[in-house]
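Reading through the structure tokens given below for one structure.
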Amino acid sequence: MNKKLLSIGEYVLVAALVVASTYFLGAKVLTNEFLLPMQASEQAVVIDELFGIHWWLIAFFFSLIVVFMLYSVFRSFIVHGLRPKREGFGEYMEGNARLEVVWTVVPLALVVWIAFLGADSLGKVERRYAGPVEINVIGTQWSWRFEYPTEEGVSVVSDKLYLPVDKPVVLHLQSTDVIHSFWVPEFRVKQDVLPGGEAFTRDLRITATEIGAYKVRCAELCGESHWSMQADVQVVSEAEYEAWLVQAGEDCGDEAVACGQRWATQFGCVSCHQAADGPIVPTTGPTWLELFGSVVSLDDGSTVTADETYILNSILDPNSQIHAGFRPDVMPKNFGELLTEEQINQIIEFIKSLGQ
Amino acid sequence: MFLRSALFKGLLGQAVGTVIGVAFVWMLRILFGAAPAFPFDAHREPALVGGAVIGAISFMVFAGVFDDWFKWTRGESTPDHHEPDKDKPGWWRYFNVDYDHKIIGVQYGVTSLIVLGAGGILALLFRIELAQQGITFLNNEVFDLLFIGTEWYQHTSAADLYNTFMSLHGMVMIASILLGVGAMSNYLVPLMIGANDMAFPRLNAFAYWVNVPGALLLLSSLFLGGFDTGWTGYPPLSVRAPIGVQMFLLGVYLVGLSSIFGAINVIVTTLRLRAPGMTMFKMPIFVWAAFATAIIQLTATQLIGLSFQLVMFQRLLGMGFFDGTVGGNPILFQHLFWFYSHPAVYVFILPGLGVISELLPVFTRKPLFGYKWIALSSLGIALVGFFVWAHHMFTSGMTSYLRLPFMYSTLLVAVPTGVKFFSWAGTLWRGKIHLDTPMLFVLGSIVIFLLGGVSGPPNGTVATDLHLHDTYWVVGHFHDTMFGGYIFPLFAAIYYWFPKMSGKRLNEFWGKVHFWVMFPAFLVMTLGQMYVGLHGMRRRIADYDLGPVVENVQFWITIAAFVIFSSILIFLVNAYFTAKRGEVVEGNVWNSRSPEWQIPNPAPLHNYSKQFAVIGEPYDYGHGDEYVNMNPAPSPAGD
């Protein structure tokens, strides 16, 4: 057979293998269905479209290099044997300037194109709608708090994020201590939550499209219990959302214990201190079960009776008396500012109700 | 005998210096009424930091790193080269301050492998924790015993341990890689360009030895409450972290000094000490990679030092650089940090990519395809690498529009990286391929670095990065680039140049076993990491609740991590037995054109007894011309 024809045949074979491998990887393996969690927001649709393009590019370039490599090894086996002698050489070729220019310019064009698509997607993801639902999100080591401003200026506060379906929402994100990051995987988008006050408030726009339960997960390392800094997200119909707002906004009534439980939940106390019945489990902070009236051993070896003064002191100045087995500088020191005196007293009533 | 070595003297010096430093700062603070005389516990941070700084300086003085310089300042002269002491055993030079670049290279290399082992063990510890859902391992009481008498006694929580192990794993591995890069540049660059040593041998010794107190400080953080900040150490978290974070900041500072001084040496050596006839475009390609690496190290390392120093000051002196409530800005830190830490990843991979380009022609028996393009692509990557740092901050809340230019510049890195891949494929094409162990590692590097490369662009486009940022996808992508760009090439280099270092060749069979165990395990590990990341697994978390599929994958990632670790044990055993009674090989083991293979194994004391001349192209396999003439006619007068 003609040597040149053989050479062309070789290229055709490799090209066919690259195409086959690209198709297999792109259509059968690297699919959004296999690789991504469910799509639950308008933003997710845009982002997944771009993911789809990326998967195909990955399939192609991975196939291209690996097929060339494996074919070269395979061909060397055929031509030179499994264990070729040290003497002798491969086919002499120093390089090819035209080829080098091609594989510089073509990827360059590709890069500009994909960056353009990226910019376009970003624009769609961050699209602003008129009259969005506004919610303040406050991240604290290690819990989330959500405030729903209403027309009267009264906020509903919750430890769960309720979102009306198909309504544009803008979240105003703020942190009270270190950097956190707001991420619901099903919504795709993510935004860091910064400390430092008003100037560092950042916005995140989401339009949830699927009714259901999700979780917001802190994505920026924020200290000891970073892994458990999660909160429930409920996407509900608009009617349900309105009904929930009214119900959650109702006065907590005269029941000090019930009010205290509500504040303890909303302000994240119970994400570190166990308040739910059952066997005592290790948590970030000392348990509240059967705490009141008990004798607490402190870090410095002394003991103290857990009375109202001790608990009040522990809330306002957490470092002053450290429960043995726990570390200082873990609990936020700003609850005196966040909570009113009445709320703190109600929380203490709630702790009292938990036994002893 | 060991008690008289520089290493031991240095360690002793560091211990003494630390105590003196602590006492000195403590006394000052008592004198000025800033601290109570008792208990020590209350305000010990400034004293410990002072002790750590004095301790590190004492290490260097006691080890004798400054000896020659001190003599010069006193007006005494010293010999250019200190000849090795004939009475001392062979290992003596490696434990003492030596100015021979080959000794320093091996010192770097061995230290790097020890530190690599430490980083690996840390990874295994937290991988066991992640193998299944729930806190199951790090709450074991054994860890309480481990930390008796330290900051953590009675305070150890599983999450704290996890965070510290994970943070230390990151930084310890980076230190290991920087040491390994130092090993390769130091050992290879002078040999390849025909120099008898580096341009500044004493500075070279300094750059190596400063790593030792640095690494010790880094590991000491484990016993000072650890640090839960990740290797990135973002404030305000790092401002609120335990004292361990100070040791981490100082340790990185010292390792950074090593980078800067090492880089000056590599740059000057490359520019000034090349053999006659060796123009820049006739250098072995690895030297190009080392040169580009050194440029980045010399010009970017200062920024991480600065950013860490500012955090130290904020902790010690209350300067609110990164505190938004007093006029500072937490995002500023991230800019400073990534201005070094992104180019740094090119420091980690460029030497490895240089090894791939260096070895491919030898094992395919063909010229390197597009030599100039590969050489310039290294410089291209180094240059573009300076303009992409903010892609680590797409979700950080920095000025919004800045994300667009950084997206374009980031994706641009794909172009010079692509040139390397295509050129490698061109080199392999129609080659006569020898699948010796070094070549297996080279081919493995290409596949794994390719995975790291193609998984990059989804992080580069802002919209998709909003999902990927801070997830295990990034963890997988990063490990691919590090293993493909550093670990696999490092082993290729060790198997390839081991005869040059020791005169013996590593066992081929066990070398191949090492590769075939490590390579598939590594693929399982990173592909698994990318999968769980896409499905919602965040980085740096001690526990997760993402359902049975993710838990299954996590389990296999842990198994893979153990398999990788055992493959490295296979390598160590192989290296030990080879050094003891391996096959002695003389001359040009791999039939290479490169000058270092034209001299005996192991390389003689002063490398080349006679200056060689470059008369041809470095990779012209298949052409009659030689690359170097080892025995050139004496040049005419003057030279």
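Only a predicted model underlies this, so the values are computations on that prediction, with no experimental measurement involved. We name chains A, B, ... by the order of the sequence lines, and we start the count at 1 in each one.
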Exercise for review: Describe, in one word, how the ring planes of F34(A) and Y531(B) are oriented to each other, choosing from parallel (under 30°), tilted (30 to 60°) and perpendicular (over 60°).
Suggested key: tilted
Practice item. Output the distance between atom CD1 (I541(B)) and atom NE2 (H226(A)), rounded to the nearest 0.5 Å. Key: 6.5 Å
Revision key, fill the gap. Whatever's closer than 4.5 Å to a heavy atom in chain A on R539(B) counts as backbone
Practice item. Quick one: do R188(A) and D465(B) satisfy salt bridge (Lys or Arg N to Asp or Glu O under 4.0 Å)? Show the steps, please. Key: CA-CA 9 Å; R188(A) 302 290 187 273; D465(B) 186 60; over 6 Å; no
Check your understanding: Y234(B) versus chain A, heavy atoms under 4.5 Å apart: side chain, backbone, both or neither?
Key -> side chain
**Study point:** Residue part contacting chain A, namely of N139(B), when any heavy atom lies under 4.5 Å
**Key:** neither
Review point. Which of these passes side chain to side chain contact (heavy atoms under 4.5 Å, CB included) with F422(B): L64(A), V102(A), L99(A)?
Key: L64(A)
Revision key, fill the gap. Whatever's closer than 4.5 Å to a heavy atom in chain A on L368(B) counts as backbone
**Study point:** Part of L443(B) lying under 4.5 Å from any heavy atom of chain A
**Key:** both
Revision key, fill the gap. The reported gap from CG in L404(B) to CG in L122(A) (rounded to nearest 0.5 angstrom) is 6.0 Å
**Study point:** Side chain to side chain, L412(B) and L108(A), heavy atoms closer than 4.5 Å
**Key:** yes
Study note, to complete from the structure: Honestly, the part of T229(B) sitting under 4.5 Å from a heavy atom of chain A is backbone
Point to revise | Part of V589(B) lying under 4.5 Å from any heavy atom of chain A | key: backbone
Practice item. Just give me the residue among D120(A), V125(A), N96(A), V193(A) that pairs up with chain B most often, heavy atom to heavy atom, under 4.5 Å. Key: N96(A)
Check your understanding: What residues, two or more places apart in sequence or in another chain, satisfy ring pair (Phe, Tyr, Trp, His ring centres under 6.0 Å) together with W429(B)?
Key -> Y11(A), F68(A), Y71(A)
Exercise for review: List for me each residue that meets side-chain hydrogen bond (donor to acceptor under 3.5 Å, both in side chains) alongside S228(A), sequence neighbours excluded, and say none if there are none.
Suggested key: none
Review point. Between H467(B) and W183(A), is a ring-ring contact (aromatic ring centres under 6.0 Å, His included) present by the stated rule, with each step listed?
Key: CA-CA 8 Å; H467(B) 181 59; W183(A) 184 41; 5.4 Å; yes
Check your understanding: Tell me, side chain or backbone of M439(B) under 4.5 Å from chain A's heavy atoms, or both, or neither?
Key -> neither
Check your understanding: Going by distance alone, is a donor N or O of one side chain under 3.5 Å from an acceptor N or O of the other, for D192(A) and S396(B)?
Key -> no
Review point. What part of P235(B) is in contact with chain A, defined as an atom under 4.5 angstrom from a non-hydrogen atom: side chain, backbone, both or neither?
Key: backbone
